[in-house]
2 protein chains.
Amino acid sequence: MTKPLGERIRSQFEARILSGELAPGERLPTEAELMQQFGCSRMTVSKALSALADAGLIERRKRAGSFVSRPRVHSMVLDIPDLAEEVAARGQTHRYRLIRRDVSEAGIAHFGPAGGQVLALDGLHLADNVPFAFEQRLVDIAAVPDIADVDFGHLAPGSWLLRHVPWDEAETRIAAEGASGSIADWLDVEPGTATLVVERRTWRGSDSITFVRQHFRADQYDLVARFGQRSASRAPA
Amino acid sequence: MTKPLGERIRSQFEARILSGELAPGERLPTEAELMQQFGCSRMTVSKALSALADAGLIERRKRAGSFVSRPRVHSMVLDIPDLAEEVAARGQTHRYRLIRRDVSEAGIAHFGPAGGQVLALDGLHLADNVPFAFEQRLVDIAAVPDIADVDFGHLAPGSWLLRHVPWDEAETRIAAEGASGSIADWLDVEPGTATLVVERRTWRGSDSITFVRQHFRADQYDLVARFGQRSASRAPA
DNA sequence: TAGTGGTCTAGACCACATG
DNA sequence: ATGTGGTCTAGACCACTAC
């Protein structure tokens, strides 16, 4: 019933830091002192403090000790859901309509390795047959050879990619933009209407996987990002 | 020079999973087998696998073993920078101009504890004296009593809060919206012009800290979110 | 019920940065 | 020089759950 000791140590310090009882810059007891206080081995204390360090709540410095972090560069976890799943979760019917598919040399739009081939896929996402997102996507065929055989007539490329291609790095740009003429046509809104623009590029190792630019109808879609404390530190790939 | 053994175990499996050599659903060796393969103790193996599980790359199930995760609910880390710092980092001058400050009873806008007092702060962010964001903010005075004494005439409340109030939970909504009349006036754009709207609410434990709604001029600002793999799992507060 | 991961111990050696 | 964290060992007991 009672939580593991290491977890109790971790959560106790978490609470004391978040409450302000332990101020930023303040020094925590050493591992040796905590062993005595909690009557446990050093490994247990070490794991608890390491977890706090991974969460960004403390910083650990050799020969100096462990210190409460200054309030950090705040970051949040932004869920990037599969549009098809998200629409379905709302109880609506998702449909993807392919508008254009062609293969071209890389280099255009600064995407893909020199000399490689790039698959371009333009399409429209509809919820209950109402268009809500216009999507332009590029995929590096060399990085994802299987994609050449997939029929995207009604399957959204993003849905397929999320299920088949693991990635380890991504960058997303989020902006607002008035709909230009052709995009306004596809989204069935007046030109100049506000749209939410999401551009995302993903990599696996040093290979670009895909670049996508999505225009969302402002009245049909918004993004929600939840929760914070920074992500765990990771070693370089 | 050589990396710690546990880290080598971790990164080896990370690479094999990301490359696809280990497919989703595939079972990893048991801890006992890995002890033999790497000639190390069980703790070392366990820590490496736990790190992979924290990163979401594998799932560990008692009595069954460790398995490569299905490509996950994809999430990214969205940096929510201090606007003042961000503008300064671009080499521009940031200025905040307070428009309205008053204290009211909670309950309005579904913010704050019943009966408590809420500080409302409206203001304008300017970069090189050009307005780029109109901000409406509510702060729970009971949760942040110090704020009553701060002069926000030119100091952005977000900057102060980020430096003084730790939080452990937040939710952000991002949308596009045509500027309404008064907001268009403050941002010095035509009504109906696309703006990026960011709404964020933060908590410490069960206390609401602040709710903020920011309208950004689309031509002056966009958000950038970087990198992925989900954040470390955390215990409830 | 037996195999698996979850946690913990009581040591140990080492690297490192600070005093 | 020395105290600190980083890592590792070779065990151990337990909880859980799939078989």
Side-chain angles (χ1 to χ4, degrees), chain A residues 1-14 16-17 22 24-70 232-236, chain B residues 1-14 16-17 22 24-70 72 230 232-236:
Chain A
M1 181 57 218
T2 108
K3 283 192 291 187
L5 177 54
E7 168 57 21
R8 268 184 282 150
I9 298 173
R10 191 203 65 77
S11 60
Q12 179 190 111
F13 278 103
E14 179 187 65
R16 293 172 66 189
I17 290 168
L22 292 173
E26 194 163 340
R27 190 183 155 159
L28 274 63
T30 67
E31 294 189 350
E33 290 166 337
L34 291 171
M35 287 170 62
Q36 293 199 341
Q37 287 183 26
F38 290 92
C40 66
S41 75
R42 191 176 154 221
M43 269 298 303
T44 304
V45 167
S46 175
K47 278 187 62 176
L49 294 188
S50 293
L52 290 170
D54 284 347
L57 286 175
I58 68 173
E59 290 169 14
R60 313 193 73 195
R61 296 202 297 275
K62 290 179 183 180
R63 172 67 221 224
S66 300
F67 301 84
V68 178
S69 298
R70 303 274 158 198
S233 62
R234 294 175 67 259
Chain B
M1 182 56 219
T2 105
K3 284 193 292 188
L5 177 55
E7 168 57 22
R8 269 184 282 149
I9 298 173
R10 191 202 66 78
S11 60
Q12 179 191 109
F13 279 103
E14 179 187 64
R16 293 172 67 188
I17 290 169
L22 292 172
E26 194 163 337
R27 189 183 156 159
L28 274 63
T30 66
E31 295 190 350
E33 289 166 337
L34 290 172
M35 288 169 61
Q36 292 198 341
Q37 286 182 27
F38 289 91
C40 66
S41 74
R42 191 177 152 220
M43 269 297 303
T44 304
V45 167
S46 175
K47 277 188 63 174
L49 294 188
S50 294
L52 290 171
D54 284 346
L57 286 175
I58 68 172
E59 291 169 13
R60 314 193 72 194
R61 296 201 296 276
K62 289 179 185 178
R63 173 67 219 224
S66 299
F67 300 85
V68 178
S69 298
R70 302 275 157 196
R72 288 177 310 291
R230 79 152 173 244
S233 63
R234 294 174 67 260

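The sequence lines fix the lettering, A, B, ..., with proteins before strands; numbering per chain opens at 1.
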**Study point:** Non-hydrogen side-chain atoms of A/L28 and A/F13 separated by less than 4.5 Å
**Key:** yes
Grab the [atom1]-[atom2] distance between [X] and [N] for me, whole Å please.
X: B/K3; N: D/dG6; atom1: NZ; atom2: C1'; value: 15 Å
X: B/R10; N: D/dG6; atom1: CZ; atom2: P; value: 16 Å
X: A/L34; N: D/dG6; atom1: CG; atom2: C1'; value: 16 Å
X: A/L28; N: D/dG3; atom1: CG; atom2: C1'; value: 17 Å
X: A/K47; N: D/dG5; atom1: NZ; atom2: P; value: 18 Å
X: B/L49; N: C/dG5; atom1: CG; atom2: C1'; value: 10 Å
X: B/M35; N: C/dT4; atom1: CE; atom2: P; value: 13 Å
X: A/E33; N: D/dG5; atom1: CD; atom2: C1'; value: 13 Å

Distance-only donor-acceptor hits, side chain of residues 39-47 of chain A, under 3.5 Å, sequence neighbours excluded:
{"residue": "A/S41", "atom": "OG", "partner": "A/T44", "partner atom": "OG1", "Å": "3.4"}
{"residue": "A/R42", "atom": "NE", "partner": "A/E31", "partner atom": "OE1", "Å": "2.5"}
{"residue": "A/R42", "atom": "NH2", "partner": "A/E31", "partner atom": "OE1", "Å": "3.2"}

Please enumerate all residues that pass side-chain contact (heavy atoms from CB on, under 4.5 Å) together with [X], with sequence neighbours excluded.
X: B/Q12; result: B/R16, B/F38
X: A/A32; result: A/T30
X: B/A51; result: B/R10
X: A/P4; result: A/E7

Check your understanding: Does any N or O in the side chain of B/S69 come within less than 3.5 Å of the main-chain N or O of B/G56, such that one atom is a donor and the other an acceptor?
Key ->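 At least one qualifying donor-acceptor pair exists.
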Check your understanding: Under 4.0 Å between a side-chain N or O of A/R8 and OP1 or OP2 of C/dC8?
Key ->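 Checking A/R8 against C/dC8: no side-chain N or O falls below 4.0 Å of OP1 or OP2.
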Exercise for review: Looking only at side-chain atoms of B/T44, point me to the closest of D/dC8, C/dT4, D/dG5.
Suggested key: D/dC8
**Study point:** Sugar-phosphate or base contact per nucleotide [nucleotides 10-19 of chain C; S, B, -; heavy atom under 4.0 Å]
**Key:** B-B---SBB-
Exercise for review: By nearest nucleotide on DNA chain C, pick out whichever of B/S66 and A/L5 is the more 5' one.
Suggested key: B/S66
